[in-house]
Peer 1: 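Submitted below is the structure of interest, expressed as structure tokens.
Note on naming: letters A, B, ... go to the chains in the order of the sequence lines (proteins, then strands), and numbering restarts at 1 for each one. Quantities reported herein were computed from a predicted structural model and do not represent experimental measurements.
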Number of protein chains: 2
Amino acid sequence: MATLKDIADHLGLSPATVSRALNDFPEVSEKTRKRVREMAEQMGYRANRSAQRLVTGRAGMVGMIVKTSADLRADQTFLEILVGLSAALAARDTDLVLAVDQGRDPVKAYRRMLDRDLLDGFILNAPAPNDPRVVFLRERGIPFVVHGRDRLDADYPFFTIDNFALAAESVQLLTALGHKRIAYLNGAEGYSYATRRRDGFLAAMAEAGLPVVEGALTHDTPSEAAGYRQALSLLAGQRGAPPTAFICSSMLLAEGVMHAVRDRGLSVPRDVSIMAHDDSLPLLDAINFSPSLTVTRAPLRDACAPLANALIDLIGGADPRSLQTLNRAELIVRDSTGPAPDQGDTAWP
Amino acid sequence: MATLKDIADHLGLSPATVSRALNDFPEVSEKTRKRVREMAEQMGYRANRSAQRLVTGRAGMVGMIVKTSADLRADQTFLEILVGLSAALAARDTDLVLAVDQGRDPVKAYRRMLDRDLLDGFILNAPAPNDPRVVFLRERGIPFVVHGRDRLDADYPFFTIDNFALAAESVQLLTALGHKRIAYLNGAEGYSYATRRRDGFLAAMAEAGLPVVEGALTHDTPSEAAGYRQALSLLAGQRGAPPTAFICSSMLLAEGVMHAVRDRGLSVPRDVSIMAHDDSLPLLDAINFSPSLTVTRAPLRDACAPLANALIDLIGGADPRSLQTLNRAELIVRDSTGPAPDQGDTAWP
DNA sequence: CTGAAAGCGCTTACAG
DNA sequence: CTGAAAGCGCTTACAG
């Protein structure tokens, strides 16, 4: 493998100059820069990263820890993030090192990685309230960014969509269509995204002067089976008059709900309107539903580049507060929502 | 951060001796080793990996590339492997660096990683026949191991289960129970595991003297929806008399089949027997099916440690041929299989 | 059993 | 605009 010195020897220059030329230092003459570049290319030169790291103290690598305790099966989304993130980091010349959090102590995996490797920073996902990982990394002064946020006044860099707003907007669309009995099938309890959506749903219902009956707001694994089960139970009216509209926190839930509505011999949107939040995952396209699905849409992929860039910028010394992104979801009205049915036009008691 | 020299100074030793003590060189006296260890512990010493890598040329890191073209949604299994692998590598003091294969050229991602990082080796999964990645890595002399194998006489280190045998054994169990019309719902075409299972199924059917009707061997995404769809179509008898038994290449397919059988008003195992291959994924337990599911079982997790160890050993200079593992799946008979129904006891024409 | 020395391949003040 | 030199923190022949 060619080294800096090899290039220098071939060109009658010093390694120092070659290094400066390759790293685009302004003081190098254009002519020298060009000669160096060409020779480097010709010799197939690749900088030895270990040597660079040793002297700069920069790794060019960041870490991410997977929690095995998490519901991997439901977590279609995690892989999407992993893939997008890795690509976005590559564009910034940074690699992603993956580790597993096997145990009870969520901080252990981080400690191990920090001991073993030179890592410039970390990416966290699904933060819990007062997340111990956040506490630990902050204590050690390690740069990190978070996908999601555990509190509204988070002081770390994060990327999140406005979960409160998307839930509220869904309600508003449906109430404008005359719906009064609206069910919300939410994700599992404890995740901050689910909490925000719940709050947005309840706030918008309250603002519309509509009560929410016990059981019309559920928390469950975001799977097709859960959607099917919940919808069937609600449509049976066991917990009061059946809803005329469903808002689903995920597309998989919506699949289940559609299925249940059909199995009950009902029609969408004539008898029941259905909406969902769409993460834009591959192979799960809202347009392919029949009828096509009205959604709030925010591609999960959109989180990746902002997260990657925020982390790199943070490592570069940027102000954490300037690296916070709150994205709005897009409301897309399709064929699965329509006016409330005549006979269903009364609110829950 | 404490360095070797710091420890040496504190102890009145040379950095060389400290290095040898810490790396368990036999010539170091027990007394010195002990003193060094204690001081290192006390000072919170961590070897600088970049320095070690620079001088040894060893990375302590291996790479894995995710194909984005793959069917991520169906690929629950990938995350399981990723998690297990990362843990197994950690046990061998090795990190996993992840990258994404974005484009048409499957080799590009490997080339980029090799240029950017010092990496000791690679792990590949889902090899295709004459996989270009295999060709490329072999050409460059980079150590690699494969999950699966693209040909029976593969000369690289691999881990795979005996897919031929598990399909054949499933057939044998069912024919022993008197079944003559057996359908096989396989994974998507083109994957080598699916090809081997197909061959095993056909061989065992042939050996039992049973014909396989057109449509009784399907290739599809291993999802619940696909299982449901395929089973409904087969049970409707559109492609000949309905099967009395289904063998499913995955648990998700089996979920769909069970669902379809029930929707047709049939009972398991009285009217229809169902088997599946069980990768032992979390949250998808064959025992929780009702009736509990008869399976061939081979936990996907079992692949991780052998793969990790094979790669580390290969890097250490072991013979590739000695690092090939072929595991048998375990046959577990539960309640979803029973004698063929009286009136269904005739083979397909 | 231990030490002095060279070297891995870079970067970056310091000089000129 | 370029070079000589020091140094990042290790490892490992070579001596003793």
Side-chain angles (χ1 to χ4, degrees), chain A residues 1-40 43-61 93 95 114-120 315-316, chain B residues 1-40 43-61 93 95 114-120 315-316:
Chain A
M1 203 64 186
T3 68
L4 272 191
K5 184 154 186 325
D6 294 334
I7 300 177
D9 288 348
H10 275 258
L11 254 29
L13 290 168
S14 73
T17 300
V18 175
S19 170
R20 285 190 278 249
L22 257 18
N23 290 305
D24 279 326
F25 277 45
E27 61 264 37
V28 178
S29 77
E30 205 39 66
K31 191 180 144 211
T32 303
R33 193 190 314 282
K34 185 152 177 287
R35 286 177 64 216
V36 169
R37 284 207 176 297
E38 279 166 5
M39 181 57 74
M43 299 178 73
Y45 172 76
R46 304 288 161 186
N48 180 317
R49 299 282 166 174
S50 299
Q52 285 183 321
R53 283 169 192 152
L54 178 58
V55 59
T56 62
R58 279 283 175 84
M61 302 192 295
D93 221 30
D95 275 317
L114 287 169
D115 282 352
R116 249 200 62 72
D117 296 296
L118 184 61
L119 246 31
D120 296 326
I315 292 164
Chain B
M1 203 64 188
T3 68
L4 273 191
K5 184 156 189 324
D6 294 334
I7 300 178
D9 289 350
H10 275 259
L11 254 29
L13 289 168
S14 73
T17 300
V18 174
S19 170
R20 285 190 277 249
L22 256 19
N23 289 304
D24 280 327
F25 277 46
E27 62 263 37
V28 178
S29 76
E30 205 40 65
K31 190 178 145 212
T32 303
R33 192 190 315 281
K34 186 151 177 288
R35 286 177 64 213
V36 169
R37 284 207 178 296
E38 277 165 6
M39 180 58 71
M43 299 177 74
Y45 172 76
R46 304 288 162 186
N48 180 316
R49 298 283 167 175
S50 299
Q52 285 183 322
R53 282 169 192 154
L54 179 58
V55 60
T56 62
R58 279 284 174 84
M61 301 192 296
D93 221 30
D95 274 317
L114 286 169
D115 282 351
R116 250 200 61 70
D117 296 296
L118 185 60
L119 247 32
D120 296 327
I315 291 165

Peer 1: Would you call A:Glu30 and A:Lys34 a salt bridge, taking side-chain N to carboxylate O under 4.0 Å as the test?
Peer 2: no

Peer 1: Please give me the minimum heavy-atom distance between B:Asp6 and B:Met43, naming the atom from each residue.
Peer 2: CB-CE, 3.7 Å

Peer 1: When every nucleotide of nucleotides 10-16 of chain D is labelled 5' to 3' by its protein contacts under 4.0 Å (heavy atoms), B for base, S for sugar-phosphate only, - for none, what sequence of letters results?
Peer 2: SBBB---

Peer 1: Rounded to whole angstroms, how far apart are CZ on B:Arg33 and C1' on C:dT2?
Peer 2: 13 Å

Peer 1: Any salt bridge linking B:Asp24 with B:Arg37? Criterion: basic side-chain nitrogen under 4.0 Å from a carboxylate oxygen.
Peer 2: yes

Peer 1: Would you say the side chain of A:Leu118 lies within less than 4.5 Å of the side chain of B:Arg49, judging by non-hydrogen atoms?
Peer 2: no

Peer 1: Report the secondary structure of DNA chain C in dot-bracket form, marking unpaired bases with a dot and bases paired to a different strand with |, and treating Watson-Crick or G-U pairs with both distances under 3.5 Å as paired.
Peer 2: |||.||||||||.|||

Peer 1: Using whole Å, what does the distance between atom P of nucleotide C:dG9 and atom CE of A:Met43 come to?
Peer 2: 13 Å

Peer 1: Strictly distance-based, threshold 3.5 Å: is any side-chain N or O of A:Asp120 a donor or acceptor partner for the main-chain N or O of A:Ala59?
Peer 2: yes

Peer 1: Nearest whole angstrom, please: distance from the P of C:dC1 to the CD of B:Glu30.
Peer 2: 10 Å

Peer 1: Locate the shortest heavy-atom distance separating B:Lys5 from B:Pro15; write the atom from each residue and the value.
Peer 2: CA-CG, 4.4 Å

Peer 1: In whole angstrom, give the distance that lies between atom CG of A:Leu22 and atom P of D:dC1.
Peer 2: 17 Å

Peer 1: Could you check whether any side-chain N or O of B:Arg20 sits under 3.5 Å from a backbone N or O of B:Phe25, counting only pairs where one atom can act as donor and the other as acceptor?
Peer 2: no

Peer 1: Looking across every strand, which nucleic acid part, if any, lies under 4.0 Å from B:Ser50 by heavy atom: base, sugar-phosphate, or nothing?
Peer 2: nothing

Peer 1: Drop me the distance from B:Leu54's CG to A:Asn48's CG, to the nearest 0.5 angstrom.
Peer 2: 5.5 Å

Peer 1: Closest nucleotide of DNA chain C for B:Gly12 versus for B:Leu54: which of these residues is on the 5' side?
Peer 2: B:Gly12

Peer 1: Quickly work out the A:Arg58 CZ to D:dC8 C1' distance and round it to whole Å.
Peer 2: 16 Å

